[in-house]
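First up is the structure itself, then whatever we jot down about it.
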Amino acid sequence: MSTEAVRAARTTPGLPTWTGETPVERAERPRLWWEVAIVLGLSLGQSAVYSIVTIIDRSTQSTPLADQTAQVNPSQSSREVFDFLYQFLGNAFPLFAVALVIFMLWQPRRTGFRRIGFDLSRPGRDLGGGLLLFLVIGVPGILFYALGRVLGLTVQVQASPLDTHWWTVPILVFAALRAGLQEEVIVVGYLFTRLRQLGWGKWWIIVAAALLRGSYHLYQGFGPFVGNAIMGVVFGWCYTRWGRVMPLVVAHVIIDIVSFVGYPLAVALFPHIFG
């Protein structure tokens, strides 16, 4: 792509942001690699390492994976007020990593929000795209989890506490929002931008980000690894087509709200799978 085309891509309204990202000079790449390593080490890369260690630990135990349990939003204290505070803070502080990558993507005449399509410029299309992705990925993902449980490849994932307080549902919604922002802004918006600048091709980036997404879900078992990796491929491809993170965030938040808030109902209806 010529310099004129790149400049036009960065200024033409409606053109996918992905089109305007071009590789940087080789002299700049070591700094970007260090930046990527630091960001991932402070956020989801750290989660991936812990998940890999966890699945090795789980797989080498005498208890089968199907008989093991992983808690996603566990209680943090026996005292209600401190349980609320710990859970709120535990979901709030990871958002600083989201703010950090948006800040680092900021350019003189283009904000970090606009650069990755995380703004309110197309609310109708973003909401529609998010709902479509939820139907394409979210519903089959739940079925895939159930299949993994039946086949013994997935641990029992307790997505939310069964005993609730007045603040339980709002905290679960906040947790879903945190997960959607953290994963889509960092793994897609930020990482896709930086890897493109480092000279990677589209499909190499999509596959690498999808494997990262799957790896930090390994603590749940091999089924969620595969399911989230597939989700990563679909979300990554959509981002390269749309150039916007917002519909991915919408889809992810809806998927997690349904999973977290609907978990007690799923346990009641299908205790042999979810219970």
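For the numbers below, each heavy atom of this structure counts, side chains included, while hydrogens, waters and symmetry mates do not.
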Within the distance-only criterion (no hydrogens, no angle test), does the side chain of [X] pair as donor or acceptor with the backbone N or O of [Y] below 3.5 angstrom?
X	Y	answer
Q197	P23	no
R110	R115	no
S259	D256	no
R244	D119	yes
D57	V53	no
Q68	R58	yes
S59	I56	no

Could you pull out the closest heavy-atom pair between [X] and [Y], with the gap in Å?
X	Y	result
S51	Y216	OG-O, 3.1 Å
G130	V250	CA-CG1, 3.9 Å
A208	W200	CB-CZ3, 3.7 Å
N73	A175	OD1-CB, 3.6 Å
T193	G189	OG1-O, 2.7 Å
I186	A97	CD1-CB, 4.1 Å

Are the side chains of [X] and [Y] in touch, meaning some heavy atoms are under 4.5 Å apart?
X	Y	value
L40	L212	yes
H252	M231	yes
F192	E21	no
H217	F225	no
Q182	L95	no
I55	Q220	no
Y190	M104	yes
R213	E184	yes

Please say yes or no: joined through hydrophobic side-chain contacts below 4.5 Å, possibly via intermediate residues, are [X] and [Y] part of one cluster?
X	Y	result
W33	V24	yes
I102	F93	yes
I38	L195	no
V169	W167	yes
I116	L120	yes

Discussion item. Between Y239 and I206, is the side-chain contact (heavy atoms from CB on, under 4.5 Å) condition met? List the steps.
Written reply: CA-CA 9 Å; Y239 180 69; I206 290 174; over 6 Å; no
Distance in Å, [X] [atom1] paired with [Y] [atom2], rounded so as to fall on 0.5 Å steps:
X	Y	atom1	atom2	value
C238	L133	SG	CG	4.5 Å
M246	R125	CE	CZ	15.0 Å
W242	R122	CH2	CZ	9.5 Å
L32	L198	CG	CG	5.0 Å
F118	D126	CZ	CG	10.0 Å
L100	L42	CG	CG	7.5 Å

Practice prompt. Applying salt bridge (charged side-chain N to carboxylate O under 4.0 Å, His left out), name anything that partners E35, two or more places apart in sequence or on another chain.
Written response: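 Result, salt bridge (charged side-chain N to carboxylate O under 4.0 Å, His left out) vs E35: R31, R194.
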For [X], is the [atom1] atom crowded, meaning more than 12 foreign heavy atoms sit under 6.0 Å from it?
X	atom1	value
F88	CZ	no
E25	CD	no
W203	CH2	yes

Worksheet item: Do D83 and Q87 meet the criterion of a side-chain donor-acceptor pair at a distance under 3.5 Å?
Response: yes
Practice prompt. I would like to know whether Y50 and Y219 meet ring-ring contact (aromatic ring centres under 6.0 Å, His included); could you show each step before the answer?
Written response: CA-CA 8 Å; Y50 275 108; Y219 73 96; over 10 Å; no
Item to complete: Verify side-chain contact (heavy atoms from CB on, under 4.5 Å) between I230 and V226, making sure each step is shown before the conclusion.
Response: CA-CA 6 Å; I230 294 173; V226 175; 4.0 Å; yes
Discussion item. Using the side-chain contact (heavy atoms from CB on, under 4.5 Å) definition, which of the options V253, I254, I255 pairs with I257?
Written reply: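 Considering V253, I254, I255, a side-chain contact (heavy atoms from CB on, under 4.5 Å) with I257 is found only for V253.
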